[in-house]
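Proteins get letters first, then strands, A, B, ... in listed order; numbering begins at 1 in each. Just so you know, these numbers come straight off a predicted model, no measurement behind them.
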2 protein chains.
Amino acid sequence: MRGPVRTRTARAKAARPSPGAARQAAPAAVDLGPLGGFIGYRLRRAQLAVFAGFELALREIGLTAGELSVLVVIARNPGLTQSDVCAALAVQRANFTPLLHALEADRLAIREVLPADRRSNALRLTCHGREVLARALALHERLEKRITACLGEAGRTQLIGLLRKLETL
Amino acid sequence: MRGPVRTRTARAKAARPSPGAARQAAPAAVDLGPLGGFIGYRLRRAQLAVFAGFELALREIGLTAGELSVLVVIARNPGLTQSDVCAALAVQRANFTPLLHALEADRLAIREVLPADRRSNALRLTCHGREVLARALALHERLEKRITACLGEAGRTQLIGLLRKLETL
DNA sequence: ATAATTAGTTATGCTAAATAACAACTGAGT
DNA sequence: ACTCAGTTGTTATTTAGCATAACTAATTAT
């Protein structure tokens, strides 16, 4: 069963110093060479950290980053079709279907067949969906706060600007 | 067979205007709402673009981003163990094994059992590996050039600094 | 009508990433 | 010398993200 509130895998095993632990010699500081200057590498490492933070922040709601993004877009643009959302978020239509069905199964969103064009569905949030979204956004806000604390307000704004430019590469 | 030069999937289908093409009404500009300010979202979009650029740039060599990063690290730090590389690149040891074996099968790297500790392997590049790495780095340079053209030299430096900060979130 | 397109779906494959379990090996303490 | 906890690399398995091809149903152009 996949309710709107899902508990992910329980992590955190509390790494004890452990008695017979062989104390690691200083990690020897591996030289990354040119890799450290690769934007792609830095993006991957940063994304790993941010996504870990995301999962931590939204654990109690149990929404995926992808699911949250879809909820936000539907909330802001009720009546969009699946293709519209897919185009907006750069998701393949084929991959969007199961994601949306999951949201529907959780009673967060509904697909409404349009009489005008019976091929496409108008997407809307349920009341419950709006509530969950509001909670999720509040939780997510904490993550962004953490990021702002890490980068500074100016740094955060700069970063977004730079990443947006990269998207048009 | 998986040679050092692999041709990935052939894309680029040249979207023709096509005769009976229904001219899309203006895409209606979906409102992303707060999503546009999510660092995680921006990271994903940027990474998509950069990785697409990576694949394009390295197509003729056929190295994965992960593979290239491993080659760079081994080249710079000959004799590292698998665990060392994994720690340096934030890769699971279990996932590293097949990656390394692929590099070995392509005669780019070798595993040398240490008499001192017969559990671990010292990793080195073959001559061929060094050659391929040099070519790969040259090709990758083009990508970084494109990125610099997109962000400016200052922007590129800023971005790397900001992403590094994010890694420690 | 008929041909071409579009919207959504299904099936499938690939890669990255995570986890658990295991054998071989090491080293520290008794 | 021996035990035992810990490490190294491996295998197997699972999951998520992204991609492509092929299909149905509905729509539009000619």
Side-chain angles (χ1 to χ4, degrees), chain A residues 2 6 8-11 13 15-25 40 44-45 47-48 51-52 54-55 63-67 69 80-87 89-102 104 111-123, chain B residues 2 6 8-13 15-25 44-45 47-49 51-52 54-55 63-67 69-70 80-87 89-102 104 111-123:
Chain A
R2 183 179 174 288
R6 282 155 289 171
R8 301 293 188 188
T9 46
R11 306 200 203 302
K13 192 85 69 73
R16 293 168 297 147
S18 72
R23 56 276 173 274
Q24 307 272 89
R44 171 179 163 264
R45 298 296 296 255
Q47 189 162 52
L48 243 50
F51 270 57
F54 182 94
E55 200 195 298
L63 282 178
T64 298
E67 290 170 339
S69 66
L80 279 192
T81 67
Q82 300 184 197
S83 293
D84 291 336
V85 177
C86 286
L89 295 180
V91 169
Q92 304 294 124
R93 292 203 315 278
N95 298 326
F96 186 67
T97 297
L99 194 162
L100 179 58
H101 287 0
E104 223 179 356
R111 288 179 301 163
E112 181 181 330
V113 184
L114 292 175
D117 185 340
R118 307 209 322 275
R119 289 172 301 181
S120 54
N121 306 318
L123 306 181
Chain B
R2 183 179 173 287
R6 283 154 289 170
R8 301 292 188 190
T9 45
R11 306 197 205 304
K13 193 82 73 69
R16 292 167 299 147
S18 72
R23 57 275 170 275
Q24 307 271 88
R44 172 179 162 263
R45 297 297 297 255
Q47 189 162 54
L48 244 50
F51 269 57
F54 182 93
E55 201 196 296
L63 283 178
T64 299
E67 289 170 338
S69 66
V70 170
L80 280 191
T81 68
Q82 299 184 197
S83 293
D84 292 336
V85 177
C86 287
L89 296 180
V91 170
Q92 304 293 123
R93 290 202 318 278
N95 297 327
F96 186 67
T97 295
L99 194 162
L100 178 59
H101 287 359
E104 224 179 354
R111 289 179 300 165
E112 182 181 330
V113 185
L114 292 175
D117 186 340
R118 307 212 321 277
R119 288 171 299 182
S120 54
N121 306 318
L123 305 182

Please give, in whole Å, the distance from [N] [atom2] to [X] [atom1]?
| X | N | atom1 | atom2 | result |
| --- | --- | --- | --- | --- |
| A/Arg111 | C/dG8 | CZ | P | 9 Å |
| B/Glu67 | C/dA17 | CD | P | 13 Å |
| A/Asp84 | C/dT6 | CG | P | 14 Å |
| B/Phe54 | C/dA16 | CZ | C1' | 14 Å |
| A/Phe51 | C/dA18 | CZ | P | 13 Å |
| B/Arg44 | D/dG17 | CZ | C1' | 9 Å |
| B/Leu100 | D/dT11 | CG | P | 11 Å |
| B/Glu104 | D/dG9 | CD | P | 12 Å |

Return the minimal non-hydrogen interatomic distance between [X] and [Y], and the atom names on each side.
| X | Y | value |
| --- | --- | --- |
| B/Phe96 | B/Cys86 | CB-SG, 3.3 Å |
| A/Gly66 | A/Leu99 | C-CD1, 4.3 Å |
| A/Ala65 | A/Phe51 | CB-CE2, 4.0 Å |
| A/Leu89 | A/Ser69 | CD1-OG, 3.7 Å |

- Note on the structure: Contact check, residues 114-122 of chain A vs DNA chain D, heavy-atom distance under 4.0 Å, returns A/Ala116, A/Asp117, A/Arg118, A/Arg119

Measuring to OP1 and OP2 of [N], would you say a side-chain N or O of [X] lies under 4.0 angstrom away?
| X | N | answer |
| --- | --- | --- |
| A/Gln82 | C/dT9 | yes |
| B/Gln92 | C/dA18 | yes |
| B/His101 | D/dG9 | no |
| A/Arg93 | C/dT10 | no |

- Is the backbone N or O of A/Glu67 less than 3.5 Å from a side-chain atom of A/Thr64, with the two atoms forming a donor-acceptor pair by type? no

- Message: Using modelled atom types and a 3.5 Å cut-off, is there a donor and acceptor pairing between side-chain atoms of B/Asn121 and backbone atoms of B/Leu123?
- Response: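 No, B/Asn121 side chain to B/Leu123 backbone: no donor-acceptor pair under 3.5 Å.
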
- Of B/Ala90 and A/Pro98, whose nearest nucleotide on DNA chain C comes first from the 5' end?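 The 5'-side residue here is A/Pro98.
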
- Message: Is the shortest side-chain heavy-atom distance between B/Val85 and B/Val91 below 4.5 Å?
- Response: no

Of the listed nucleotides [options], the one nearest the side chain of [X]:
| X | options | value |
| --- | --- | --- |
| A/Ala94 | D/dG9, C/dG8, D/dA21 | D/dA21 |
| A/Asn95 | D/dA19, C/dA20, C/dT9 | D/dA19 |
| A/Thr97 | C/dT10, C/dA17, D/dC18 | C/dT10 |

- Task: Test side-chain contact (heavy atoms from CB on, under 4.5 Å) on B/Thr97 and B/His101 and set out the steps.
- Result: CA-CA 6 Å; B/Thr97 295; B/His101 287 359; 3.5 Å; yes

- Task: Kindly compute the distance separating OG1 (A/Thr81) from CZ (A/Arg93), expressed to the nearest 0.5 Å.
- Result: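 Reported to 0.5 Å precision, the distance equals 9.5 Å.
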
- Message: Pairs counted only when both distances fall under 3.5 Å, Watson-Crick or G-U: show me the 5' to 3' dot-bracket for DNA chain C, [ ] for pseudoknotted crossings and | for other-strand partners.
- Response: ||||||||||||||||||||||||||||||

